[in-house]
Each structure stands twice: as C-alpha cells, then as structure tokens.
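Below is one structure, written out as structure tokens; comments come after it.
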Amino acid sequence: MKTFIHLLCVLILSIVLFACNNAHFLKEESYRNQVAQDFEQKKQALPHGDLFAIFADSILSVYEREALMFLYAYMPIGDVTDYPGDYYLENVRLSKQTRDEMPWGKEIPDEVFRHFVLPIRVNNENLDDSRRVFYGELKDRVKGLPMKDAILEVNHWCHEKVVYRPSDARTSSPLASVKTAYGRCGEESTFTVAALRAVGIPARQVYTPRWAHTDDNHAWVEAWADGHWYFFGACEPEPVLNLGWFNSPASRGMLMHTKVFGRYNGPEEIMLETPNYTEINVIDNYAPTAKAIVTVTDADGQPVADAKVEFKIYNYAEFYTVATKYTDAEGKASLTAGKGDMLVWASRNGQFGYAKISFGKDDALQLSLNRKEGEAYSLPMDLVPPVEGANIPEVTPEQRAENDRRMAQEDSIRNAYVATMMTEKQAKEWIDKLYGNTLQSEKKEKLVNFLVASRGNHQTLKDFLSPIRKEKDAVSWEEIRAIWILESLSAKDLRDVTLDVLNDHLLTNISDWEKIETDLFKRMYLNPPRIANEMLTPYKKVLREAIEKTVYQSVPDSMKRDPKVLIEWCRKEIKINNELNSQQIPISPMGVWKARVADEKSRDIFFVAAYRSMGWASAAWIDEVTGKVQILNEEFAKEDVNFDTAEAAQSRKGVLQATYTPIRSVEDPKYYSHFTLSKFKNGTFQLLNYDEGETDMGDGTTWRNLLKYGRELDEGYYMMVTGTRLASGAVLSNSTFFTIEPGKTTTVDLVMRESKDQVQVIGNFNSEATYRPVDSTEQRSILQTCGRGYFVVAVLGVGQEPTNHALRDIAALGNDFEQWGRKMVFLFPSEEQYKKFNADEFKGLPSTITYGIDVDDSIRKEIVQAMNLNNSILPVFIIADTFNRVVFVSQGYTIGLGEQLMKVVHGL
C-alpha cells in the first residue's frame, strides 16, 4: 500500500511539474500569435550572424521559449547582436523566480508583468547583471512588506547607493551607477526601475521630455502596487508615494511619457507604436489636461493622410519635438497635453506648415502644408506654459522626521563607500611610484585627475597603466599612447570603461604615424575608443582581421587605402533598417558586422570604427555639429562621406553672419540659452549641436564668437530660433528662415525680444554647485541649503565699499526679505576673509542669510562664466532658482541694491 501511495505521489508530482514546465508565458492566444508573427519577421530581417541560436536549445520550457520570443521580437537590433541568448534566458528565469518567491507575484496581472517586470532595458543604458545582483541584496529586505512599503524601501536602498549629480547625456548602466555612487535623473531612474523589477515590482521610467516653463527636462519612476501606478523621485526617498520635489513643476508639465517594451494595450493614451516599443502618455497623472485635434490639408484645402505631425515645446532656445503623430485618412491627428502652448509642425514630401496651439483653449487646429524650402522671413511668437496647481499628499511630522533620519543614515552608508575611492593624494602617490621622474609633471597631473575622476573604476585604470610600464628610466611610445587614450575619454567613460576595451585600443598596431603631422590628429582620429554615444567594446583587432579577409581580400594593394572601397562595401552590404532600432540605441561595430543590418547612425559608427581599425593613417569621425561622417584626405582636408554615392567629397559652403542689437538683459546671446540654428531636412529642421562649454575663445558658444564675424555652414535652408524666457515661464520667441548659398555670405538679424514689464530670465546657474558653510567642515550644495524655489547667492569682498554699501542696502529692507522667506547664501572668498567680517556692522540683515566659504572660488567662477561678467570685481549678487534660471545679476558698486532685489522678488 505504501509503495502504491508513493508511486501515486511521484506520478502526481510529475504531472504537476510537467504542467508547470509547459505553462504559457503568453497566456492569451491572440497576443501569443501576434508575438510569434513579430518574432518571425524579426528573424527574417536579421538572417545573418546566427543571432537566434538560443532557440535551438532543446531544454527550453514553453514558458521560457515564449518569454524569450517576446523579448527577441521587440528588442532593438543592438540587444540582439551585442548580448548572448544565455543572458536573456538567465533574466527570464530570474524574473520567474522572483514572481514565484515574492508575496505580490501572484497579484500582478500577466500583462503588467510582461511589460514592466520582465524587460531588462529601461532607457539607452548598457545592459548588465543588475537583476541578479540587486535581487540578492534586496529580496530579504522587502519580502515581508506590503507592496507600497516595499516600493518605498527599495527607493531607500537606492539612496544608499546613488545620489544626484549632473553628467553627460549617455546613460550609465545600473551597476555602473552603483559603482560611481551618483548619476543624473535619467540614470537614477534607470537604476531604480531596474532595482524594482529585480524584486518583481512592476516599474517604468517616466520622462517629461522638456518642461514648458523652464529650460530643462526630468525623469522619475512610476511603480505599480495593488492595481494602481504611483510616482516618486528616484533615489530621493519620501515618506509616502506620489510625492517628490517635482510635484509643483509636474503640475505645469505639458507632456509626460514612458516607452513600454513591445506591443502594449493598456488604458493609457498611445502616442506612438514602433517595432520596439509603445509610447504612452501619462500626463493625466500629474496635471490638468486637454485634447486637441490637428487637421492637415494641402494648399487646396484637401486632407493629407500620413503627414508627420510634430508637437514641439520651446526649450533650450529650440522648438523640441515631444510627440510625433501621423495623420489618418481624414488628415487628422490628436494629442492630450497640459494646458499651455505648443508649436505644431506638419510635413509631408518636403512641404510643411506650422502654427501655435493653446491646449485648453484650442480644441482644434487646421494646418496647411503651404510652406516651401527657400522662403525667407521672420516670425515672432509668444508661448505661455501651464499654470501651477500641485496636489501634495499629506505627510505627518513624525513621518518626515523618520524619513530624514533614514536619509542621513543612508548618506553615511554611501559616503563610506565613496571614501574607498582614490583621493588626489593617493592618486599622486601611486603615479609618482609608477613613473618616478620620467613623466612630465603636466602628464602626471592628468593621470592623477583621471584616477580621481574614475571613482569606483580606478582599479581598471591602474590595471591598464601598470603592465605597460617596462622601462624605469624612460616613458615608452606605448605609454604615451595609453595617456592619449585616457585623454580622449569623457569623465563618464573613465567611470565605466573596461580593461579589455582599453587594451584593445592600445595594442592594435597602427602604422604610418609619420603621415599624421600633429599630435592632435593622433589623439582625435586614430586612438579614441569612443565615436559617438555607443557602448564601448573591444572591436579593433577582431574587426580589422575580419575586414582584411572579407572586404579587402580581392582588392589590389594600390586600392586598399582608398576610402571608397570601404564606403562602397558599407553601402552594398549593410542593409539600413531604422525602424528596427526605434530608440536609436547604437549597435556595436561588431554587432553591425555580424548582422549586416543597422540603422543609419549605427552604420556611421561602424564605418568610423572600421576605417580607424585598419591601422594606416585613417582618420575618420562623426562631426558633432552636423552629425555627418567625415574623413581626412591625403591633403589633410576634411571630406564628407556619402553612402548614397559611395563618395567622399568636400561639401559646398557659404557664410552666415548675424547682426545683433543688445537688449538690456542680454549683451551677448548664448547658444542653447538664447538662440539656436537648425538645418532643413525631409520636411523638418534638425538642430546644429554646437558645444555649449568650449569654443576657440573659451567662453562658450555665443553670438559674438559664432556669428558676429561670420561662420561657414553647409549650403541649405536654415532656421534661427531665439527666445527670451520670462520669470513666469512664458517665452518671447522669434524664428528666422534663410538660405545659405555656396560661396556667398548671408546676413540675418538675431532678434532678442524683450518685455518692459515682466521679469526675464537672463542666464543659468547650477543650483547643485557646492560651498562650505562657516559652521561646518562638509560642503553643501545651494539646493540643499535653499530647497526648491528662488534664492539669492552673493560672493562678497570683505571691507570693500561696494560690498559694505550692498549689505547696508539689504539690511535697510531686512523685514521685506524676512517676509519673502527665501534663503540667501552669502559667500566669502576664503576663511581669512570671513574672519574679517563683522555682521554687527550691518544691523537689520535678515535671518534668512546663510554664510559660507566659496571653496576654490567655484561659485564665483560659475556666476562669472554663466553671466559673462568681469572676473575680478566683487561683490556679485544673483537671484536664481532651482531650475537654474538667473533672473537678476549685479556686480560691483550698485546704488539701491536692496530695492532692486525686492523689485525683482515682487515680480516673480
């Protein structure tokens, strides 16, 4: 009897296990069939490189096979080519394990789990092993908590690891952010979404692509619990959900969106469907909204189907596209947005039309495609953002106190890790020990800076430099090249570059160095691992060998250095498919080589990588301003690469010169702050990306050093946008359309409109800039001291009459400043200067003043550079806000400073 019962139990268990093993991941048959169809199309589009080998694994369960099929059907090309199938299989198994083990796993609907837990990618970051690592750290910490409490707890853990600091636009992977211990908002939210998904909590990254009331954007997180989506600031723990510093600005938002992996049929408004993701509109979660319908017609008034309709917000002195729709058979497209102004731009077959729309006032707009390339005119436009109306959830004093206590504890945990990173002293000692007196002090200083900047990645740099140090009494050519490679990297690259990448670019044999006349060309065009914003990979050696065996196998020696050979090969052999890479996440060079399919940008990166890899003097790059692929010909002249004709030739150029009559608040307009240039292509204008930080004159890209004396531009049709931002958030814009003709100079007026009545934004100041309070040894940011909103920052000259006069003016209106209630940070150039200061001499100064030391003169330099001020004159006063907008500046001796400050305050 016992034997029978035992056999029966074994049989039942086997049936259960078999059923589990063959349970569907895609339970709805119609959706499963759709995924299968999309998957087969993806396989047909990528026939090379054996990219789907994981599906030949006979041990895959039905669940695993369907989950993999879902991922592969919709992932961008680079995710197929650059990561092995075993990586995705591990993530499928980990996500299922998490759903089985976590108490909320069974509560999550299949559709929500499919789109917001299983997918690995959040933004455009490199993929990593964060799901496995984070699950190991978090599972016991959240397992016994209700779902909403678990979300809050994960965010506290994230704050232990990462804090906010601005950085460049490339998104670090979650593990790289942990290694660095800081990141910008897009990286914090990518990291936090990965952490939540690691413990089986549905999460998504939400972006306002651009604010309407200020020149910035922001990203945060929404997480699903108990049937609802809640929002919060990533790595910025609050006591409750639906609370963050951005509640108020979000209420002024015009659009918030998230990109959902795959085909998604949720309740939100669908803005865009692509082969990779579904973009949904979540603005209704944050602000009052209205819907508007745009009808596009031709010049005869007939509706135009399939017209591209771009909804644009003025931001950073350009009209930035925040949503793209296409008209239906009746020529109609619609959008739900916050109640403010946008520019609507419609185009088809090279013709275009545009107009302003006010959501909440205009429920319909008719646009005619009546504009043509080449028309010259100027168009003023006033744009008003939504009004503020934040909904702030209640937090008790006890909740706030406990949250503050925890955050302080988390700061100490993170700071203990940061303390393990190399200090300047430690880096200097290590470099001195490695190189002795053989290396110039300038190069030593650079290496010290690299080690410090690499944060938690300093061991990689040490492992790179140490083995190539072979001669005690000299610095080898290899070591010089190693320094050049490090010089070419961005600060973020230093924080996450890997040793195999550095070694691959160092050890690849480069010949014909003597043909490159300057070190500049060697550093810029031959050595750099980075080409654009691609994932850095070790490709040079393998790619060179593959190209020599394939591309150049039957090419005569006399032709092997002709760039046309490689251009022609790329043109013929690489199939362009932009749709399969809708997010424009670059495919690695080896990924393109394997797949022979790429979007245009990845093709361009591949060409530059391949050309550089060949070992001879093959200088190639992507122009940062225009985005064009360029090479250096034998006469050391730049040529544009044209993949349509397999040619490389110098482009035809003309000169643009702009006149400018200064307005009272802007002496020398700055690019991105006050004006931008865009070039017409395919019915719309594409921004020219000038460097905002460095030019030949070293003071940022401004009218004076860009356009006052003329600047060469490619021939074509252009638009100049200017804008004056008012303190209310409204903008007085002007758009000028003109044509650049070859060999000719085109002169236009740069028009900055101004308001006689309203306070205007006149510059930018980084509210994350740090100083040292006089009663502390630790540095703090202006934001930490002042909180969100407007504030006053000043750098004083102690004992100088202009400073004394300014302080007396402020003291005379001390009660007014007290009533205003905002913080004022008054800084001294040094500790010695502060000790000479006697506040009793200025009776009546408001209690809202915090005194501090301007460490390394950093705050004053920030203000001077941002506002184009005299470098040596004190005091300097600004009124700014935590959106980095400056609305008032004063330098030196100023009559009635207190009254001037209060006049601006009353106008805010």
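Because the structure is a prediction, the values reported are computed rather than measured.
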Legend entry - Any side-chain donor near an acceptor of the partner, Thr785 and Tyr771, under 3.5 Å: yes
Inset, instruction - Determine the interplanar angle of the Phe685 and Trp345 rings, folded into 0 to 90°, and report it as parallel if under 30°, tilted if 30 to 60°, perpendicular if over 60°. - result: perpendicular
Inset, instruction - Consider only side-chain N and O atoms of Gln686 and Ser678, and report whether a donor and an acceptor are under 3.5 Å apart. - result: no
Legend entry - ring-ring contact (aromatic ring centres under 6.0 Å, His included) evaluation trace for Trp220 with Tyr286: CA-CA 12 Å; Trp220 57 89; Tyr286 301 94; 5.4 Å; yes
Inset, instruction - Scan side-chain atoms only and decide if Thr208 and Asn217 contain a donor-acceptor pair under the 3.5 Å cut-off. - result: no
Legend entry - Donor on one side chain, acceptor on other, Glu279 and Thr258, under 3.5 Å: no
Legend entry - Residue pair Thr722 / Asn734, side-chain donor-acceptor N/O under 3.5 Å: no
Inset, instruction - Considering only NZ, NE, NH1 and NH2 on the basic side and carboxylate oxygens on the acidic side, decide whether Glu862 and Arg860 come within less than 4.0 Å. - result: no
Throw together a table of side-chain donor-acceptor distances under 3.5 angstrom for residues 875-885, partners on residues two or more places apart or in other chains.
residue: Asp881; atom: OD1; partner: Phe883; partner atom: N; Å: 3.1
residue: Asp881; atom: OD1; partner: Asn884; partner atom: N; Å: 3.3
residue: Asp881; atom: OD1; partner: Arg885; partner atom: N; Å: 3.0
residue: Asp881; atom: OD2; partner: Arg885; partner atom: NE; Å: 2.9
residue: Asp881; atom: OD2; partner: Arg885; partner atom: NH2; Å: 2.8
residue: Thr882; atom: OG1; partner: Gly789; partner atom: N; Å: 3.0
residue: Asn884; atom: OD1; partner: Ser767; partner atom: N; Å: 2.9
residue: Asn884; atom: OD1; partner: Ser767; partner atom: OG; Å: 3.2
residue: Arg885; atom: NH1; partner: His213; partner atom: O; Å: 2.7
residue: Arg885; atom: NH2; partner: Tyr790; partner atom: OH; Å: 3.4

Legend entry - Set of salt bridge (Lys or Arg N to Asp or Glu O under 4.0 Å) partners for Arg165, sequence neighbours left out: none
Legend entry - Ring geometry between Phe675 and Tyr671 (parallel below 30°, tilted from 30 to 60°, perpendicular above 60°): perpendicular
Inset, instruction - Using only heavy-atom distances, determine whether the side chains of Thr321 and Lys312 contain a donor-acceptor pair under 3.5 Å. - result: yes
Inset, instruction - Kindly determine whether Gln366 and Thr295 satisfy side chain to side chain donor-acceptor pair (under 3.5 Å), including the steps that lead there. - result: CA-CA 5 Å; Gln366 183 160 322; Thr295 303; 5.5 Å; no
Legend entry - Ionic contact status for Asp382 with Arg753, cut-off 4.0 Å: yes
Inset, instruction - Apply the ring-ring contact (aromatic ring centres under 6.0 Å, His included) test between Phe680 and each candidate in Phe737, Phe352, Tyr718; give the one that qualifies. - result: Phe352
Legend entry - Distance-only polar pair, side chains of Glu269 and Thr336, donor-acceptor under 3.5 Å: yes
Legend entry - Residues Glu268, Arg204: salt bridge by 4.0 Å N-O rule: yes
Legend entry - By salt bridge (Lys or Arg N to Asp or Glu O under 4.0 Å) - contacts of Arg184 (at least two apart): none
Inset, instruction - Decide yes or no on salt bridge (Lys or Arg N to Asp or Glu O under 4.0 Å) for Asp215 and Arg725, but give the supporting numbers first. - result: CA-CA 9 Å; Asp215 291 333; Arg725 176 80 70 178; 2.7 Å; yes
Inset, instruction - Evaluate whether atom CG of Asn391 has more than 12 neighbouring non-hydrogen atoms of other residues, nucleotides or ligands under 6.0 angstrom away. - result: no
Legend entry - Those residues that, when tested against Asp216, pass salt bridge (Lys or Arg N to Asp or Glu O under 4.0 Å) (two or more places apart): none
Inset, instruction - State whether the number of non-hydrogen atoms from other residues, nucleotides or ligands found under 6.0 Å of Gln584 atom CD is greater than 12. - result: no
Inset, instruction - Could I get the full list of salt bridge (Lys or Arg N to Asp or Glu O under 4.0 Å) partners for Glu188, not counting sequence neighbours? - result: none
Legend entry - Donor-acceptor under 3.5 Å (Lys325 side chain, Ser334 main chain): yes
Inset, instruction - For Glu394, look at atom CD and say whether over 12 heavy atoms of other residues, nucleotides or ligands are found less than 6.0 Å away. - result: no
Inset, instruction - Sequence neighbours left out, what pairs pass side-chain hydrogen bond (donor to acceptor under 3.5 Å, both in side chains) with at least one residue falling in residues 807-818? - result: Glu818-Ser847
Legend entry - Any side-chain heavy-atom pair of Thr676 and Tyr316 under 4.5 Å: no
